[in-house]
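Before any comments, here is the structure.
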Amino acid sequence: MTRLRFAPSPTGPLHLGGARTALYNWAAARAMGGTFILRIEDTDRERSDDKWLPTIFEGLRWLGIQWDEGPDVGGPLGPYVQMQRLPLYARYARALLDAGHAYECYCTPEEVEAGREREKAAGRRPMYDRRCRELAAAERARLVAEGRKASIRAKIPLPGTVTIEDLCKGEITVSHEEIDDWVMLRPDGIPLYNFACVVDDLEMRITHVVRGEEHTVNGFKQVLLFAALGATPPRYAHIPLILGKDGRKLSKREAVTNILEYRDKGFLADAVFNYITLLGWSFSGDRDVFTREELLARFSIDDIGKSGSKFDEEKLLWMSGDYVRRLPRARFVAEAQPFLRGLVPDDAFASATGFLGNLLGCYQERVQVLAELAGKVAWAFGDAVALDDEARGKIEKESEARAWLAQYAEHLENLPLPPSFPSDRSAADAAFVLPTPPGTAPDAVASPFAGPSRLEHDARAFAEARGVKFGRFVHPVRAALTGTTKGPGLFDCLFLLGKERALARLRAAATG
RNA sequence: GUCCCGUUCGUCUAGUCCGGCCCAGGACAUCAGGUUUUCAUCCUGAAAACAGGGGUUCGAAUCCCCUACGGGAUACCA
């Protein structure tokens with residue numbers, strides 16, 4: 001049975017690198033038909049705080065990464081939180097001690113540190129000097145009598161070499177002399193990372209471990225410990241880090257990038273998921289966008305790249321926009337709801353085909369992240385609209401603009417435009433699907449109201465009758481109606497606005 | 001310092017394992033056009049890379065060595 005795990009420590013929210021690690025483990029497990037486990041490594045009592053747990057879970061869930069076993073869902077090999085497994089570590093430590101693979105060390109952290117400094121000053125490797133490794137009984141008794149508490153250190157076999165058959169990097173070998181007699185258990189019985197990690201990977205029958213390459217050195221220690229326990233280690237894949245623009249490690253300790261910030265900015269989870277996957281893995285030579293199913297059909301740990309990648313938010317933005325554009329209209333409207341609070345009442349989201357659906361539809365190819373929406377659609381609400389500088393310019397630079405606007409308002413009065421207030425509009429709008437595709441016939445939709453293409457047809461005739469080029473005419477009208485020089489097709493806007501407000505805005509702009 | 005790992009367009013990468021199909025392909029970004037009532041979308045095109053040096057070979061982005069540069073690790077953190 002294939003089993004993989006993601007083992008975050010609750011020292012902060014889920015950041016980008018953690019999300020990618022989780023994603024690769026998840027994808028590998030799913031692609032191989034295995035099990036994906038979530039385990040919490042909270043043995044650093046200084047920095048761990050359970051308050052981060054919900055945030056981490058939420059981040060993973062937002063990305064659509066589901067775990068089969070974990071602290072909240074349980075499972076046959078729990079508990080899945082290390083601080084709840086202390087007796088287990090004590091048992092393993094005892095056995096290792098008895099078998100001579102570990103020893104008690106009575107040095108204080110300060111003494112160890114001082115020794116390290118000495119080594120360093122002497123130009124040697126700053127390591128623990130292994131002084132408690134072969135402690136005479138009398139000496140030990142003296143230290144105990146002093147009231148010292150023992151920590152347990154791994155007894156690295158000397159000499160020798162360890163090699164990791166890394167799924168990502170290939171074979172990596174290091175000499176035992178390079179490896180410290182590291183601390184497995186603190187005097188208070190709380191294990192350290194490498195120890196708890198090995199015990200749990202063993203107990204939880206983990207078969208593959210995908211983790212950041214900052215763990216490579218830990219990998220050697222862990223392989224040695226598995227050997228001491230007479231067990232086979234999992235297959236490791238130490239993957240390169242995600243780097244910031246400066247080429248430095250993207251760490252949760254420096255950059256507090258919570259993956260949920262992307263959700264709050266209105267990035268689509270699927271797009272973020274897709275983009276993160278690409279940071280070190282590629283779907284194929286000519287495609288960047290793919291579904292989860294397609295990913296699982298192709299994903300393989302040994303295809304993960306060997307070199308670090310820089311995070312590029314520009315491409316993430318593009319990808320988010322691409323996902324937004326391809327969203328079914330109803331989904332888009334639903335996704336937009338949290339970003340329109342205060343502007344649009346919640347019950348307006350019930351229908352994706354009425355006024356709101358049409359309004360939002362006009363912006364689906366105009367936003368990359370949902371948070372852009374509120375500012376862009378605001379013109380369609382409220383009675384009047386304030387013109388931005390560019391819009392004002394469009395009217396002012398055209399000497400006859402104000403006259404056209406006034407005349408156009410008169411003209412519009414005789415056209416069957418929908419009324420202005422959304423509550424009366426939904427049924428009428430449902431007959432149209434905005435944005436209006438180019439070249440739509442004027443009366444393509446049967447409706448008591450004039451649709452956008454009919455309005456355009458009419459406006460062209462209006463401009464032509466005055467000997468004005470349509471392009472020149474249209475700009476001041478857009479400015480008057482929406483207050484900006486950008487946005488959806490003008491007649492979609494006009495239709496959306498409805499009669500009363502359109503006339504009022506045209507007249508307001510006409511009188512300056 | 002020491003140990004480990006890495007190096008293809010500005011960025012993410014395909015190709016590297018099993019040398020020739022690669023005077024290196026795709027995507028983002030950039031620039032130039034086209035469509036268009038604006039913006040956006042969409043379409044077309046351009047510019048843009050095998051870190052450097054030695055080998056091996058008929059032939060190297062692909063194999064070997066060295067150098068340079070980058071990253072990671074050197075904790076009673078994870």
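Bear in mind that the values here come from a model prediction, so they are computed numbers and not experimental data. So you know, we letter chains A, B, ... as the sequences are listed, proteins then strands, and number each from 1.
The partner of B/rC3 is B/rG72, judged by Watson-Crick or G-U wobble contacts that both fall below 3.5 Å. Under the Watson-Crick and G-U wobble criteria, each requiring two contacts below 3.5 Å, nucleotide B/rG20 is paired to B/rC58. Nucleotide B/rA27: paired with B/rU11 (Watson-Crick or G-U wobble, both distances less than 3.5 Å).
For RNA chain B, none of the residues of residues 393-400 of chain A falls under the heavy-atom distance limit of 4.0 Å. A heavy atom lying under 4.0 Å from RNA chain B marks the following residues of residues 187-199 of chain A, by number: A/Pro187, A/Leu192, A/Tyr193.
Looking at heavy-atom distances under 4.0 Å, A/Glu456 makes contact with a base. Contact annotation for A/Leu278: backbone-only contact, meaning every heavy-atom pair under 4.0 Å involves sugar-phosphate atoms and none involves a base.
Here the CG atom belonging to A/Asp288 is positioned 8.0 Å from the CG atom belonging to A/Asn274, to the nearest 0.5 angstrom. Here the CD atom belonging to A/Gln407 is positioned 8.5 Å from the CD atom belonging to A/Glu400, to the nearest 0.5 angstrom.
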Discussion item. Output one letter per nucleotide in nucleotides 22-29 of chain B: B when a protein non-hydrogen atom lies under 4.0 Å from the base, S when only the sugar-phosphate is that close, - when neither is.
Written reply: ---BBBS-

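Taking 4.0 angstrom as the limit, A/Arg186 places none of its side-chain polar atoms (N or O) nearer than this to OP1 or OP2 of B/rA75.
A/Trp67 has its ring centre less than 6.0 Å from the ring centre of A/Phe57. The six-membered or imidazole ring of A/Trp182 lies away from that of A/Tyr193, with a centre-to-centre distance of 6.0 Å or more.
The closest side-chain heavy-atom distance from A/Phe6 to A/Val210 is not below 4.5 Å.
Residue whose closest nucleotide on RNA chain B sits further toward the 5' end, between A/Thr108 and A/Asp322: A/Asp322.
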Worksheet item: So A/Phe473 and A/Tyr408, ring pair (Phe, Tyr, Trp, His ring centres under 6.0 Å) or not? Walk me through it.
Response: CA-CA 10 Å; A/Phe473 167 68; A/Tyr408 188 50; 5.2 Å; yes

